[in-house]
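The next block holds one structure in the form of structure tokens; read it before the comments.
Ligands are counted one by one from 1 in listed order, and the atoms in each one are counted from 1 as well.
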Amino acid sequence: MRKQIAAGNWKMNLDAEQAQGLVSEVMGIFQDEINNQAEVIFGAPAIFLATVQHLAKDHPQFHVAAQNIHQEAKGAFTGDISANMVASVGVTHVIIGHSERRQYYGEDNALLEKKLRIALDHGLTPIYCLGEVLSDRESGNTFDVVSQQLSEATFGLNAEDFGKLVIAYEPVWAIGTGKTASPEQAQEVHAYLRGMIRQQFGEGIADNTSILYGGSVKPGNAVELFGCPDIDGGLVGGASMKSADFTAIIKALN
Ligand code: PGA
């Protein structure tokens with residue numbers, strides 16, 4: 001059975017007090033309530049990772065993700081953080097290949113493969129993001145684009161390593177725009193991605209890979225999205241920073 005996951009991505013938002021307040025509120029509501037299969041992940045800015053990890057550490061269903069890591073193990077890379085640093089404070093997940101990293105920092109599939117490998121080498125679970133921009137969708141290229149993003153960055157991994165990934169389909173035109181892919185649009189891409197995974201790595205791995213949807217997930221659309229057979233939860237930006245909204249989204253996991 002693959003995991004159902006609600007992952008928040010705070011991006012470059014919140015200060016220390018707000019971050020701690022948010023985590024405490026969400027965890028307070030959920031101590032005993034969420035079902036055993038569900039996993040909640042806080043995608044915190046690097047500077048808050050240790051604090052948030054400390055708050056979450058005694059609660060097996062709550063996890064913390066870095067939003068990025070460097071592709072090298074260590075060295076003279078002023079301002080960057082390594083997979084080892086992230087793992088050394090007890091953080092278990094890392095978001096890799098978010099469209100904002102692709103767009104503003106020029107991260108391409110070859111670089112992202114390196115980041116996936118270094119994350120896996122340090123025992124981190126990567127949440128690998130992919131998705132088409134509006135012009136790709138309008139010109140009918142969605143499947144070509146996501147297929148390239150998936151295969152170029154992940155199909156060089158062996159099956160055991162691929163099996164450790166979480167995939168997040170995030171149509172770029174739906175991120176932070178208030179426009180959500182319809183459940184049918186999202187399900188179609190998720191099923192396509194799972195089909196590719198099945199072909200490359202086999203039935204067992206395809207069945208066990210959690211594929212999250214991201215792009216304006218809100219309490220009002222989460223139930224319908226998460227109800228689709230190939231959607232295993234969400235990667236949530238804006239709504240993950242409001243405790244009431246994020247907890248409603250967690251409750252929508254099935
Ligand atoms: P959004 O962001 O929920 O604010 O659209 C999603 C994401 O960027 O992961």
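- No heavy atom of Gly234 sits closer than 4.0 Å to any atom of ligand 1.
- Not a single heavy atom of Gly214 sits closer than 4.0 Å to an atom of ligand 1.
- With sequence neighbours excluded, the residues forming a salt bridge (charged side-chain N to carboxylate O under 4.0 Å, His left out) with Glu100 are Lys11, listed by chain and number.
- Among all protein heavy atoms, the one lying closest to atom 7 (C) of ligand 1 is Glu170 OE2, 3.2 Å.
- Judged by distance alone, the side chains of Asn141 and Ser139 do bring a donor and an acceptor atom under 3.5 Å apart.
- At least one heavy atom of Lys11 sits under 4.0 Å from some atom of ligand 1.
- In terms of polar-atom proximity, Gly237 is counted as a contact of ligand 1, with an N or O under 3.5 Å from an N or O of the ligand.
- Between Gly238 and ligand 1, a contact under 3.5 Å exists for at least one N or O pair.
- Listed by number with element, the atoms of ligand 1 under 4.0 Å from a non-hydrogen atom of His98 are 7 (C), 8 (O), 9 (O).
- Near Asn9, meaning under 4.0 Å from any of its heavy atoms, are these atoms of ligand 1: 9 (O).
- Ring-plane geometry between Phe42 and Phe62 is classed as parallel, the angle between the planes falling under 30 degrees on a 0 to 90 degree scale with a further cut at 60.
- Residues in residues 67-76 take part in these side-chain hydrogen bond (donor to acceptor under 3.5 Å, both in side chains) pairs, two or more places apart or across chains: Asn68-Lys115.
- The shell of residues lying under 4.0 angstrom from ligand 1, judged by heavy atoms, includes Gly176.
- Linking Ile, Leu, Val, Met, Phe, Trp and Tyr whenever their side-chain heavy atoms come within less than 4.5 Å puts Ile47 and Met241 in one cluster.
- In summary, the atoms of ligand 1 found under 4.0 Å from a heavy atom of Gly215, numbered by their order in the structure, are 5 (O).
- Across Arg2 and Asn208, no two heavy atoms sit closer than the pair CB-O, 3.4 Å.
- Between the side chains of Gln187 and Asp230, a donor-acceptor pair is found at a separation under 3.5 Å.
- The part of Ala174 lying near ligand 1 is the backbone, judged by heavy-atom distances below 4.0 Å.
- With ligand atoms numbered from 1 in the order given, ligand 1 contributes 1 (P), 3 (O), 5 (O) to contacts under 4.0 Å with heavy atoms of Ser216.
- In Gln18, the CD atom is crowded: over 12 heavy atoms of neighbouring residues, nucleotides or ligands sit closer than 6.0 Å.
- In this pair, Tyr213 and His190 present their aromatic rings tilted. The plane angle is within the 30 to 60° band.
- Both the backbone and the side chain of Ile175 come within contact range of ligand 1, each with a heavy atom under 4.0 Å.
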